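Each remark here refers to the structure printed beneath this line.
Since the model is a prediction, treat every value here as computed from it, not as a measurement. One-based numbering along the sequence shown.
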Amino acid sequence: MRRIAILIAVAILVAAGPAAAWPPEVETVTFPSPADSSPQKTLLYRPPGDEPVPLLVAFHTWSSDYRQDESPYAAWCIARGWALLHPDLRGPATRPEAAGSEVALADLEGALALARARRVIDPDRIYAVGVSGGGMMALVAAARLSETWAAASAWVPVTDLARWHADSKARKNKYAGEIEKVCGGPPGQSAEFDAAYAARSVERLLAAGPPGCPLDINTGIHDGHTGSVPVGHAVRAFNAVVAPADRLSDAVIDELETTRAVPEAWRFEGADPLHASRPVLLRKTSGPARLTVFKGGHEIVHEAALTWLEAQARGQPPVWEVSPHNPPVIGRKAADSGK
């Protein structure tokens, strides 16, 4: 961390203006990677004032980079007085350096050091959020940098690249080829390839030890049909961190994925006002994790994600029941942020 701080102190460069579609208060910042000293980019928002503020780290999706229009995160941070990072982390997942690699994790640590150098951050209120490939990265970060986070909210996450490779081949989409570029080749062809898949497996990383923060894991019942990441990915991430008695069985996962319906014994009774646009169909909470299956597809409900994160503090028990803002800070409509 000392090397990171020194590099940040001597070599921060600020570009002229934000990425397109983001508010003008958001800066594009270049910093040297702690991994290889290469110039890396992040979007950064710093609220005015000197008091410690929460920090939201929002991860771009599988096919995108730091410039991706995920500006609802900025709208929330500006309204609530939070700082924001939207780091590049080696961009789209089409090469080994991307998609949760050691290099990408080092870049994340560099971006965090940058935020701390540029603004006073409340260390007990640093949050991770992402959708799809960004949901995967939020969970990888929660597992690998577990002492950093107050909480992580992951939406329609990819949680096992080998499984997603098979899913993608069956659906004949582009992702199997991109996964092979990230991991070196197809799973099962060499020990080297398999190690690359394992290193990025959210399920394996979470199962290796209890997460250091609460996890809010969400998926749309239609994903895998109208989207590219089947429901079972989110469910198995939940299963990896909860007691065996609270896990959803393979039979239940299969029913969710094939019929797009929740078995009667698992149906959610009640209503969550934060999910008014995407009603909750299944919800299970156990220990540090909550699983929500909602009526929707490959998407995120920003207001639900961020309102839940706001209630969490590092080192404190998770707060699962949260009240919505009235009126909403940024609105409760779901948004597909890409893959």
Side-chain angles (χ1 to χ4, degrees), residues 1-20 22 26-46 55-68 70 73-74 83-119 121 123 126-130 132-149 152 158 161 178-179 181-184 192 195-202 205:
M1 291 302 295
R2 181 181 178 186
R3 178 171 177 251
I4 294 172
I6 292 171
L7 288 170
I8 293 296
V10 301
I12 293 173
L13 302 172
V14 181
W22 289 76
V26 178
E27 305 168 272
T28 301
V29 182
T30 302
F31 64 94
S33 168
D36 56 14
S37 299
S38 64
Q40 297 299 316
K41 293 184 181 295
T42 184
L43 298 187
L44 172 67
Y45 170 68
R46 296 175 293 158
L55 171 63
L56 180 68
V57 182
F59 296 100
H60 65 74
T61 60
W62 179 268
S63 298
S64 299
D65 64 16
Y66 75 101
R67 296 167 294 184
Q68 181 180 13
E70 295 191 301
Y73 296 129
L84 170 68
L85 281 172
H86 194 253
D88 191 60
L89 305 185
R90 307 293 165 137
T94 55
R95 56 188 179 130
E97 294 83 2
S101 72
E102 293 295 326
V103 170
L105 284 166
D107 291 352
L108 173 57
E109 291 189 277
L112 287 163
L114 163 68
R116 296 183 182 110
R118 299 291 300 279
R119 185 63 171 84
I121 301 298
I126 301 176
Y127 305 110
V129 67
S132 190
M136 168 185 155
M137 194 62 214
L139 293 175
V140 169
R144 293 292 308 277
L145 305 178
S146 61
E147 298 304 312
T148 298
W149 314 101
V158 178
L161 286 185
E178 292 182 352
I179 296 165
K181 291 178 181 178
V182 167
C183 295
E192 180 182 1
Y197 281 87
R200 294 168 170 84
S201 169
V202 167
L205 292 172

How close do [X] and [Y] get, heavy atom to heavy atom, and via which atoms?
X	Y	result
Ile121	Ala115	CG1-O, 4.0 Å
Ala104	Gly100	CB-N, 4.3 Å
Ala99	Val182	CB-CG1, 3.9 Å
Phe59	Ala141	CZ-CB, 4.0 Å
Met136	Arg200	CE-O, 3.9 Å
Thr148	Ile126	O-CB, 3.7 Å

Give, for atom [atom1] of [X] and atom [atom2] of [Y], the distance between the pair rounded to the nearest 0.5 Å.
X	Y	atom1	atom2	answer
Lys41	Arg67	NZ	CZ	9.0 Å
Tyr45	Arg119	OH	CZ	9.0 Å
Leu112	Leu145	CG	CG	7.5 Å
Arg46	Leu44	CZ	CG	6.0 Å

Show me the side-chain donor-acceptor pairs of residues 85-94 shorter than 3.5 Å, one per line, residues at least two apart or across chains.
| residue | atom | partner | partner atom | Å |
| --- | --- | --- | --- | --- |
| His86 | ND1 | Tyr66 | O | 2.7 |
| His86 | NE2 | Glu70 | OE1 | 2.6 |
| Asp88 | OD1 | Tyr66 | N | 3.2 |
| Asp88 | OD2 | Gly91 | N | 3.2 |
| Arg90 | NE | Asp107 | OD2 | 2.5 |
| Arg90 | NH1 | Asp36 | OD2 | 3.2 |
| Arg90 | NH2 | Ser33 | OG | 3.2 |
| Arg90 | NH2 | Asp36 | OD1 | 3.2 |
| Arg90 | NH2 | Asp36 | OD2 | 3.3 |
| Arg90 | NH2 | Ser38 | OG | 3.3 |
| Arg90 | NH2 | Asp107 | OD1 | 3.2 |
| Arg90 | NH2 | Asp107 | OD2 | 3.4 |

Worksheet entry | Salt-bridge contact Arg95-Glu178 (side-chain N to carboxylate O under 4.0 Å) |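 No salt bridge links Arg95 with Glu178.
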Practice prompt. Begin with the C-alpha distance, continue with both residues' side-chain angles, and end with the deciding distance and a verdict on salt bridge (charged side-chain N to carboxylate O under 4.0 Å, His left out) for Arg144 and Glu102.
Written response: CA-CA 10 Å; Arg144 293 292 308 277; Glu102 293 295 326; 2.9 Å; yes
Practice prompt. Check step by step if side chain to side chain contact (heavy atoms under 4.5 Å, CB included) holds for Ser201 and Leu161.
Written response: CA-CA 6 Å; Ser201 169; Leu161 286 185; over 6 Å; no
Sub-4.5 Å side-chain heavy-atom contact between [X] and [Y]:
X	Y	answer
Leu55	Leu84	no
Val57	Tyr127	no
Val29	Arg118	yes

Discussion item. Please check: side-chain N/O of Trp22 versus main-chain N/O of Gln68, any donor-acceptor pairing under 3.5 Å?
Written reply: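 At least one qualifying donor-acceptor pair exists.
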Practice prompt. Verify, without hydrogens or angle tests, whether Trp149 (side chain) and Ala143 (backbone) share a donor-acceptor contact under 3.5 angstrom.
Written response: no
Discussion item. Could you go through Val140 and Leu205, starting from their C-alpha distance and side-chain angles, then the distance that decides it, and tell me whether this counts as side chain to side chain contact (heavy atoms under 4.5 Å, CB included)?
Written reply: CA-CA 7 Å; Val140 169; Leu205 292 172; 4.2 Å; yes
Worksheet item: Residues in side chain to side chain donor-acceptor pair (under 3.5 Å) with Tyr197, at least two apart?
Response: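 Testing Tyr197 for side chain to side chain donor-acceptor pair (under 3.5 Å), a comparison that skips the adjacent residues, returns none.
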Worksheet item: Any side-chain donor paired with an acceptor under 3.5 Å for Thr30 and Gln40?
Response: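 No, no side-chain donor-acceptor contact under 3.5 Å.
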Practice prompt. Take Leu139 and Met137 through the side chain to side chain contact (heavy atoms under 4.5 Å, CB included) test and state the conclusion after the steps.
Written response: CA-CA 5 Å; Leu139 293 175; Met137 194 62 214; over 6 Å; no
